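The structure presented is a predicted model; accordingly, all values stated were derived computationally and were not measured. Start at 1 and go down the list; that is how both ligands and their atoms are numbered.
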Amino acid sequence: MMGGLEMNILVQKFGGTSVESHQKMIEVSNIIKDTKEKGYDVVVVVSAMGRSGSPYATDTLIELCKQANEVVSDRELDLIMSCGEIISGSILVHTLKRGGLDSILLTGGQAGIVTDEKYGDASVIQIDPINVIENLKEGKVVVVTGFQGITRSGEVTTLGRGGSDTSAVILGAGLNVKVVEIYTDVDGIMTADPRIEDSAQVITNINYDEVFQMADKGAKVIHPRAVEIAKNNNIIVKIKNTFNPSEGTSIGGCITHNIDTYKSSKDGKLITAVAHKNRLTQILIENCQEELFTDILTDIEKNNISMDMINFFIKEKIFTIDSDKTNILKQILDSYKVEYKIVKDCSKVTLIGSKITGIPGVMAQIVKTLTKENIKILQTSDSHMTISILVEENNIKKAVNALHREFRLSEIKAIY
Ligand code: ASP
Ligand code: MG
């Protein structure tokens, strides 16, 4: 029940490649029409048209400002960035109307998405989609511009790059829906990056935490903040391909399992996916006194360098950073005159599976597999559902392929 009327709302979000041309907008409007004919009240969230290089894509709009002045103003940058979604939303509304569907475009602010003041990476602090509901009640398809909101004082803000996923899920939460559909140009979340693993498969069901880990460990899936909001509101997120109707991936709504269900199931997979991240640098600091090291850590933080795969021992401190921060880090370390080693061009491969916890022998299996392939293990780290291995970047494809094969990710469907 919503607003005193029985409503059956479905939120459908379309990414940049789904709305990049007039022709593609027609395909999108056909999907919306089908959904409407099934009896749903449809709320559509759009991204800006196309990717970097397209005339109205977010990157293009940012570039226009940067050409005028290298120093960009955050407030004005958010204003120009918000135009990308307004352009695509307006064209979609016209396309829908031409196809006979009554429709209206609302900006993030008009749809009731209220954010804090952090330009460029604002967080939603309130959602009040009364305007959306009123328009749905009139039978309209409500198109909402993704990626943006408004502050309490009326300033336009954006939600961070890739933020239209967040807009869709936030609206879903505000409208109390069970399912949000995210349409993109791939068939769903894959067991590995299909560009480097030929036998990568679509994962049909995955839980929120696994997706969260995949995004964090380098896989381009869905915006992590959107996953977090979906999890907190029990919303199932379906990832679908605009151009290839198939089942896609369902995030959430999985049966949770434990070691017993894994062991008792013949076709259970221990690992759900293999993610990887390139362009990392490994740092080893030697014989550094604790006090000095504390000062170094403070400097690292001040310079906004985030550390990963952190292993601190008495004699040695080891961690990784993104490659583009290597020079700043070197400057910091040189200023403290400490002994250090740097290993450039590293990649991290991560196995993700909520069933890893408590299953013995996984690390042994990984080490055996990589050693057989002559892949040097530079470092490892793990959490309750991930195991990460740092390797030389030129070994990453071999590592992903070997682990994908070893853990039979292309053979058997996950059980949930
Ligand atoms: N258009 C925005 C971006 O490129 C938001 C999105 O597409 O999700 O980051
Ligand atoms: Mg996106």
Side-chain angles (χ1 to χ4, degrees), residues 11-21 24-25 28 43-66 72 74 76-92 105-109 111 113 115 118-124 143-150 156-172 180-190 193-194 211-212 214-216 218-230 235 237-243 248-249 251 275:
V11 178
Q12 299 186 308
K13 180 245 160 178
F14 293 90
T17 49
S18 299
V19 291
E20 72 186 350
S21 65
K24 292 192 173 169
M25 290 255 193
V28 164
V43 176
V44 176
V45 175
V46 283
S47 286
M49 294 170 76
R51 295 221 170 106
S52 179
S54 309
Y56 310 112
T58 309
D59 284 305
T60 312
L61 302 174
I62 297 172
E63 203 42 48
L64 284 174
C65 280
K66 287 198 173 155
V72 287
D74 293 342
E76 279 66 28
L77 198 63
D78 267 13
L79 277 168
I80 196 172
M81 281 200 282
S82 71
C83 296
E85 274 69 13
I86 295 179
I87 292 170
S88 63
S90 176
I91 299 173
L92 183 61
L105 175 64
L106 300 178
T107 64
I113 298 176
T115 75
K118 197 163 177 227
Y119 293 115
D121 193 23
S123 297
V124 178
V143 179
V144 180
T145 56
F147 178 51
Q148 57 182 264
I150 199 166
V156 173
T157 49
T158 62
L159 308 180
R161 298 305 306 272
S164 43
D165 293 341
T166 307
S167 307
V169 179
I170 270 287
L171 276 168
V180 168
E181 293 183 343
I182 297 202
Y183 283 86
T184 176
D185 55 358
V186 294
D187 287 344
I189 299 178
M190 313 283 289
D193 184 342
V211 177
F212 204 78
M214 284 183 79
D216 188 53
K220 284 205 177 60
V221 277
I222 154 178
H223 201 286
R225 204 185 278 169
V227 182
E228 199 183 321
I229 299 166
I235 294 173
V237 178
K238 292 192 174 169
I239 313 279
K240 286 172 173 275
N241 190 339
T242 309
F243 310 108
T249 300
I251 307 172

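One side chain, Asp78 or Thr158, offers a donor N or O that lies under 3.5 Å from an acceptor on the other.
When all heavy atoms of Leu61 and Met81 are compared, the closest pair comes out as CD1-O, 4.2 Å.
Each of the atoms 6 (C), 7 (O), 8 (O) of ligand 1 lies under 4.0 Å from some heavy atom of Ser47. With ligand atoms numbered from 1 in the order given, ligand 1 contributes 3 (C), 4 (O), 9 (O) to contacts under 4.0 Å with heavy atoms of Arg161.
In this structure, Met190 CE and Thr249 OG1 are separated by 8.5 Å, a value rounded to the nearest 0.5 Å.
Using 4.0 Å as the threshold, Gly84 has no heavy atom nearer than that to any atom of ligand 1. For Glu85, the heavy-atom gap to ligand 1 drops under 4.0 angstrom.
With Thr145 contributing its side chain and Ile86 its backbone, the two residues share no donor-acceptor pair below 3.5 Å. Not a single donor-acceptor pair under 3.5 Å links the side chain of Ser164 to the backbone N or O of Phe147.
Closest heavy-atom approach to atom 6 (C) of ligand 1 among the candidates Ser164, Gly146, Gly50: Ser164.
Of the N or O atoms in Phe147, none lie within a sub-3.5 Å distance of an N or O in ligand 1.
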